[in-house]
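To start, the structure itself, in structure tokens.
For this chain, numbers begin at 1 and follow the sequence in order.
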Amino acid sequence: MSKKNQSNGSKTAAIVPPNDNGNGNAHITTISNMYEDYFLDYASYVILERAVPAMEDGLKPVQRRILHAMYEKEDGRYHKVANIIGNTMQYHPHGDAAIGDALVNLGQKDLLIDTQGNWGDYRTGDSAAAPRYIEARLTKFALTVAFNPQTTDWQLSYDGRKKEPINLPMKFPLVLAQGADGIAVGLSTKILPHNFVELCKASIDILKEKRVKIYPDFMTGGSIDVSEYNGGQRGGRVKVRAAIEKADKNRLLIKDLPYGVTTSSLIDSIQKAVEKGKIKIKKIDDNTAEHVEIAIQLAPGVSPDVTIDALYAFSNCEVSISPNCCVIVDNKPVFIKVEELLKICTAKTKDLLRQELEIRQHELEEKWFFASLEKIFIENRIYHQIEECESWEEVVSTIYREMKKYVATPSDPAKKGDKRLELFRDLNDDDITRLTEIRIKRISKYNSFKADQLIEKIIDELEQVRHNLAHLVEYTIDYYQMLLDKFGKGRERRTKITSFETIKAAAVVANNAKLYVDRKEGFIGTGLRKNEFVTDCSDIDDIIVFRKDGKFLVTRIADKTFVGKNILHVAVWKKGDERTTYNMIYWDAKKGRAFAKRFNVTAITRDKEYDLTKSGDPKNKVLYFSANPNGEAELVTITLSPNCRARTKVFDYGFSDLEIKGRGAGGNIVTRYPVKKVVLKEEGHSTIGALKIWMDEVSGRLNTEGRGRFLGEFDTGEAILAIYKDGTYELNYVEMSRRYEPKDLLYIHKFDPDAPVSAVYFDGNKNRTMVKRFYIETTSVDQRYSFITDHKSSKLYYATASENPVVKYSYKQKNAKREKTLEPASFVDIKGWKALGKKLGDFKILKTTELHNQTTSTTQPPAAPPAKTPSTNKTTTKKTGKQKSNASSLKAGDTVEFDVGEQGSLF
């Protein structure tokens, strides 16, 4: 390169050897242009040859070459993986490590490759053994759907020595069944795996011109929220959760994993959350063997329900996956919905089946053609006519001449009354040659009857092939049904489709910090350990601070934060909290009056200072302030200045007369005279009413948004009664983080201590069905009590705490099914919860149906008197006479059927 070019620096050029263009001039290409061309070549190579699967067969090139190499060696026996890798290297221009990793990945999907040996574990992340120790062969499924040399398009391998398939003739939506991941230059693909059975059924529906929807399914199980799946396209996402069970109140078990998460990575994410103080657990044990099991021992006093939510919020127990369905079509990447991709795959399968049928039709026609020629040639002894022929040409012409006497061809069609056999094509020299090659042994042992049978069999098969071609859609449907019947067993959906509620991290994070306040100097934080302790909190909480000058702000918790001097109140603030009500009396210096107000703080801008007084005068000051978690309105005593002109200088003021308004409201005038002091006289009651609670019948989570089954209106200290299928009941205080298992419940509602429980159960000790009624006498909460006999055959059929229930039940007696109606209130008296009850009969109940006559609603809260709080002074001797109504959650005339064989529930 010249010095001039070196010193210029604007554009560097490379001189390429001259092309033979006649004038001997060299072609000069700048390096910038070379870079642009090479980069595009490289990007195209990575996209087409390495990262993105082809639409036709759902395979990347390395996967296709592995399967082709295995098909070449296929003999029904296992082959060493090292040999398979070596054979694949004839087609794949890369190292053995890349081929081995791709082969192990295919084998772990358990679809195309039958493995033997230690192939690793996708659940734990364990790697496979060395290639020389493990073996593989193609599965029966792969041989059925992926290979047919007659319908395969071929190309030369990278070195020109071998032929390899451009695409395998895949007669199945493989790309959707096993999924695909790949990162290329400038784009990526992430196709999630779908269920084998559902894909076959969806393809059948497509052929029937029905609309279909398909959703991901993972070998690791778990549950998935597909509400934002968006057909697997860019912009969509799915949330996947592990399955977490409560073994007992101190231990949790993780049984299924989210997609793409291993047991080791899951445990690491939990340990990181523990180290940060987000979750409080005592111990983690990985007991994974045949099935996944991670045991989590909880710290003393930690709620298992809150811990489950925290695991979803702060660890890999819940992951969000963003799909991006991208495949190669005509050597170009195309972004497409999974349903559209399935339609294309189904149409491709139908076309491949058509090609196979046409090939088979041609084979059968040729087979029939020669079998017919052979029969005519032998039965009419045409071979005798060539005995005197002296040349090959004479032999051929003689056979042509003699065969025309017995066959009609398109060039020599049969005429009316012609009894010659009609052939679908003309005879050629190859046909004549084959006839002359028939051995004397075959001619001498020729069996005309068997020949007719063979021809008839060929004709029957040919007619069937032609019928299938004429009814190609039905034939393709039968093909998918065959795949379903032959290979679908054991491939049922493993990942449960459900909807997830958003877990607010602040609501489930463990208290890992302590909040302190220096009221005089105006500091708050976790590092002020020598100052006043406020509360336990987490390191992601927001803190609300009210000052004596009538201003407040909300700030994120920190080690030490200045929020202003003369702090009145500091607490953890929850966004959207409409129940915490602040009561305040302040002096407005500008107007010379005292005002009282009640307000909520539901939404703010963090670190912004808000003025609660109307005038905003700097001399304004707060005379009285209280924070009330349930909207309580207290009674205060106000003492006026002794020098004022007011006649009454001491009087009571009740906040219950004030409406709860916005924080910007000025408030109501309390007095026009100077106030000396305001003191609390009497604690107040809630003025915002009881809290209406529902239970989501899918997730089992409590909520106040009206989702699911209405449980009742709850005031402070009131409890929920839950009766379970295993014959136990439990009292729980209302905690919005609590989660129930709807499939385990028979009854759940607000607890009324004056409402008796009516139950029908089978006593395993005495082999009889019993009926009992009892009051809830226990006072402990969050503890289960069994009210049926402790026998492995004992079983709870029915239980409710509604007023005067009527139950229709069926049973078998003397091989006949009988039905009767039961009113527990008139059948048995109320006794203790440990009593056995009264015998209903020596039989087992098949089904119970509860008949309701009360007018109530399943979604709107019924009008019911407030339930009493569990009391330790409650006794059973005074519970007689008329019982109080416990509001039902069903409509008038509704019936609830319980299939006792499957122990059904209200949900």
Distance only, no hydrogens: is a donor on one side chain within 3.5 Å (strictly under) of an acceptor on the other, for Ser499 and Asp225?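 Absent: no donor and acceptor within the cut-off.
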Do Glu72 and Tyr91 pair up side chain to side chain, a donor and an acceptor below 3.5 Å, judged on atom types alone?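 Indeed, the side chains of Glu72 and Tyr91 share at least one donor-acceptor pair under 3.5 Å.
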Quick check on [X]: does its [atom1] atom have over 12 non-hydrogen neighbours (other residues, nucleotides or ligands) under 6.0 Å away?
X	atom1	answer
Lys367	NZ	no
Lys60	NZ	yes
Lys496	NZ	no
Ile183	CD1	no
Lys109	NZ	yes

Pairs involving residues 322-346, ordered by first then second residue, that meet side-chain hydrogen bond (donor to acceptor under 3.5 Å, both in side chains) (sequence neighbours left out):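 As it turns out, the side-chain hydrogen bond (donor to acceptor under 3.5 Å, both in side chains) pairs with a partner in residues 322-346, which skip direct neighbours, are Ser203-Thr346.
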Would Thr349 and Tyr480 count as a side-chain hydrogen bond (donor to acceptor under 3.5 Å, both in side chains) if you check the C-alpha gap in whole Å, the side-chain angles of each, and the deciding distance to 0.1 Å? CA-CA 10 Å; Thr349 298; Tyr480 277 111; 3.1 Å; yes
Is it true that [X] and [Y] make a salt bridge, defined as a side-chain N closer than 4.0 Å to a carboxylate O?
X	Y	result
Arg701	Asp309	yes
Glu363	Arg360	yes
Arg137	Glu74	no

Can you name the residues that form a ring pair (Phe, Tyr, Trp, His ring centres under 6.0 Å) with [X], not counting sequence neighbours?
X	value
Phe141	Phe172, Phe196, Phe487
His467	His471
Phe147	Tyr71
Tyr259	Phe218

When you measure from the side chain of [X] to the backbone of [Y], do you find a donor-acceptor pair of N or O atoms at a distance under 3.5 Å?
X	Y	result
Thr139	Leu111	yes
Asn87	Ala69	yes
Asp286	Thr288	yes
His79	Lys73	yes
Asp205	Lys210	no
Thr220	Leu257	yes

Apply side chain to side chain contact (heavy atoms under 4.5 Å, CB included) to Lys350 and Val473, showing your working. CA-CA 7 Å; Lys350 187 174 77 168; Val473 172; 4.2 Å; yes
So, do Tyr215 and His194 have ring centers that fall under 6.0 Å from each other?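 No - the distance between ring centres of Tyr215 and His194 does not fall below the 6.0 Å cut-off.
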Quick one: which of Leu168, Asn167, Ile166 gives a side-chain contact (heavy atoms from CB on, under 4.5 Å) with Asp153?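 Checked Leu168, Asn167, Ile166 against Asp153; only one passes side-chain contact (heavy atoms from CB on, under 4.5 Å): Ile166.
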Between Val212, Thr476, Ile477, which is the residue that forms a side-chain contact (heavy atoms from CB on, under 4.5 Å) with Ile206?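 Going through Val212, Thr476, Ile477 one by one, the side-chain contact (heavy atoms from CB on, under 4.5 Å) with Ile206 is satisfied by Val212 alone.
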Do [X] and [Y] come close enough that some side-chain heavy atom pair is under 4.5 Å?
X	Y	value
Pro216	Ile224	yes
Ile134	Thr115	no
Cys325	Phe335	no
Leu357	Leu472	yes

Which residues pass the salt bridge (charged side-chain N to carboxylate O under 4.0 Å, His left out) test with [X], sequence neighbours left out?
X	result
Asp285	Lys283
Lys348	none
Arg161	Asp159
Asp256	none

Go through the steps to decide whether Asp57 and Leu174 satisfy the test side chain to side chain contact (heavy atoms under 4.5 Å, CB included), and finish with yes or no. CA-CA 7 Å; Asp57 58 8; Leu174 182 69; 6.0 Å; no
[X] [atom1] to [Y] [atom2] distance, which is reported to the nearest 0.5 Å:
X	Y	atom1	atom2	result
Glu358	Glu365	CD	CD	10.5 Å
Met170	Thr152	CE	OG1	10.0 Å
Thr88	Asp96	OG1	CG	11.0 Å
Tyr78	Gln116	OH	CD	5.0 Å
Leu253	Ile294	CG	CD1	10.0 Å
Lys282	Ile284	NZ	CD1	13.5 Å

Can you list every ring pair (Phe, Tyr, Trp, His ring centres under 6.0 Å) pair that touches residues 93-137, not counting sequence neighbours?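 Non-adjacent pairs meeting ring pair (Phe, Tyr, Trp, His ring centres under 6.0 Å): His92-His94.
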Give the C-alpha distance, both sets of side-chain angles, the deciding distance and a yes or no for side-chain hydrogen bond (donor to acceptor under 3.5 Å, both in side chains) between Asn105 and Gln108. CA-CA 5 Å; Asn105 184 269; Gln108 289 182 344; 5.4 Å; no
Audit row: Gln63, Leu103, side chain to side chain contact (heavy atoms under 4.5 Å, CB included) steps and yes/no: CA-CA 7 Å; Gln63 296 172 328; Leu103 179 56; over 6 Å; no
What residues, two or more places apart in sequence or in another chain, satisfy side chain to side chain contact (heavy atoms under 4.5 Å, CB included) together with Pro61?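 Side chain to side chain contact (heavy atoms under 4.5 Å, CB included) list for Pro61, sorted by chain: Glu49, Arg64, Arg65.
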Quick one: side chain to side chain contact (heavy atoms under 4.5 Å, CB included) partners of Val185, sequence neighbours excluded?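 Once residues adjacent in sequence are excluded, the partners of Val185 under the side chain to side chain contact (heavy atoms under 4.5 Å, CB included) criterion are Phe39, Tyr42, Ala43, Val46.
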